[in-house]
Amino acid sequence: MQRKSFEDKQCPIARSLDRVGEWWSILILRDAFYGLSRFDEFQKHLEIAPNILTRRLSGLVEEGLLEKVQYSERPPRFEYHLTPRGRDFRPVLLALLNWGNKHFSPEGESVVLFNVETGERAEPIMVDANTGQPITPKSHVIGPGPAAGEKVKRSISELLERRAKQVVQS
């Protein structure tokens with residue numbers, strides 16, 4: 001199946017997804033955050049084939065990111081609403097927006113984030129919820145979680161050793 005490129009689109013999320021993987025599902029989630037909820041709205045805005053949209057919406061419902069809600073009985077019509085799991089994807093979209101603007105917008109930023117109350121431009125960053133401090137490569141590292149098996153623990157240990165060597169060398 002031939003992939004359609006989003007290189008000519010000005011949406012930084014679409015451009016980022018062109019580089020990091022399958023885009024339709026994430027673009028559907030993006031549009032759900034923008035307020036779209038009906039099949040025809042997604043189809044028109046995304047210019048997506050109905051069969052592909054049907055599969056992606058079904059997958060997002062199956063994965064618990066969207067819920068399918070009937071709004072008309074005759075004919076049967078449905079809307080797709082973000083679930084709490086789907087709403088938790090918003091920081092990922094904002095990170096892609098920021099990353100796309102920084103690296104894949106040669107003509108300049110076409111979509112930016114604003115503070116609703118002040119109207120000022122906002123730049124998303126990742127912070128530690130416990131301290132409020134920005135998460136940077138120097139201040140935070142990965143580590144094995146409580147459910148990590150031996151293979152994961154070894155892999156993380158190797159990565160941390162490699163990182164420590166790089167820090168010493170720099």
Side-chain angles (χ1 to χ4, degrees), residues 1-34 42 46 48 52-53 55-67 80-116 120-170:
M1 181 160 86
Q2 185 70 20
R3 286 179 45 167
K4 178 182 176 184
S5 173
F6 288 100
E7 189 61 40
D8 61 332
K9 302 281 186 185
Q10 288 197 319
C11 174
I13 293 172
R15 286 185 175 160
S16 300
L17 292 173
D18 202 18
R19 289 160 174 86
V20 299
E22 194 280 316
W23 56 69
W24 288 122
S25 296
I26 297 175
L27 292 177
I28 291 167
L29 291 171
R30 175 202 65 185
D31 284 0
F33 278 104
Y34 290 162
F42 289 118
L46 292 169
I48 183 175
I52 294 173
L53 180 57
R55 280 195 306 254
R56 296 299 185 255
L57 286 170
S58 295
L60 291 167
V61 168
E62 187 176 311
E63 294 299 327
L65 296 162
L66 293 175
E67 64 178 337
Y80 296 87
H81 300 162
L82 289 163
T83 64
R85 180 181 288 178
R87 286 189 296 275
D88 283 348
F89 192 72
R90 188 169 189 260
V92 177
L93 290 174
L94 294 176
L96 282 169
L97 173 100
N98 197 48
W99 183 64
N101 273 336
K102 185 175 180 181
H103 296 288
F104 309 117
S105 295
E107 74 285 354
E109 300 169 331
S110 58
V111 178
V112 294
L113 185 66
F114 290 96
N115 181 306
V116 173
E120 292 181 22
R121 169 88 186 269
E123 186 168 346
I125 61 168
M126 188 175 288
V127 299
D128 178 348
N130 295 318
T131 66
Q133 298 298 310
I135 295 176
T136 69
K138 290 183 179 183
S139 64
H140 294 78
V141 297
I142 60 168
E150 288 307 312
K151 185 176 180 181
V152 170
K153 290 177 183 177
R154 275 193 312 275
S155 177
I156 290 175
S157 177
E158 290 169 7
L159 291 172
L160 292 175
E161 286 176 25
R162 176 179 283 172
R163 181 180 184 274
K165 289 178 186 175
Q166 289 173 342
V167 170
V168 170
Q169 292 173 356
S170 56

Quick one: list whatever passes salt bridge (Lys or Arg N to Asp or Glu O under 4.0 Å) with Glu62, sequence neighbours left out.
-> none
Nearest 0.5 Å please: distance from the NZ atom of Lys165 over to the CG atom of Leu160.
-> 12.5 Å
Min side-chain heavy-atom separation Tyr80-Leu60 under 4.5 Å = no
Minimal heavy-atom distance between Asn98 and Pro124, with the atoms involved, is ND2-O, 3.6 Å
Is any side-chain heavy atom of Arg121 closer than 4.5 Å to a side-chain heavy atom of Glu109?
-> yes
Would you say Ile135 and Val127 make side-chain contact, with heavy atoms under 4.5 Å?
-> no
Got more than 12 heavy atoms from elsewhere within 6.0 Å of CZ, Arg85?
-> no
Separation of Leu57 CG from Leu65 CG (nearest 0.5 Å) | 11.5 Å
CG on Leu82 to CD1 on Ile28, rounded to 0.5 Å = 11.5 Å
Distance-minimising heavy-atom pair for Ala122 and Asn115 | CB-N, 4.4 Å
For Lys153, does the NZ atom have more than 12 heavy-atom neighbours from other residues, nucleotides or ligands under 6.0 Å away?
-> yes
Distance in Å, Trp23 CH2 paired with Leu96 CG, rounded so as to fall on 0.5 Å steps | 14.5 Å
Closest heavy-atom pair, Gly100 versus Ser105, reported as atoms and distance to 0.1 Å, is O-OG, 3.3 Å
Measure the shortest side-chain to side-chain distance between Arg154 and Ser157 over non-hydrogen atoms and say whether it is less than 4.5 angstrom.
-> no
Minimal non-hydrogen separation, His140 against Pro134, with atom names = CE1-O, 3.6 Å
Do Arg30 and Leu46 have side chains that get closer than 4.5 Å, going by heavy atoms?
-> yes
For the student: nearest non-hydrogen atoms of Lys138 and Arg163, plus distance | CA-NH2, 3.7 Å
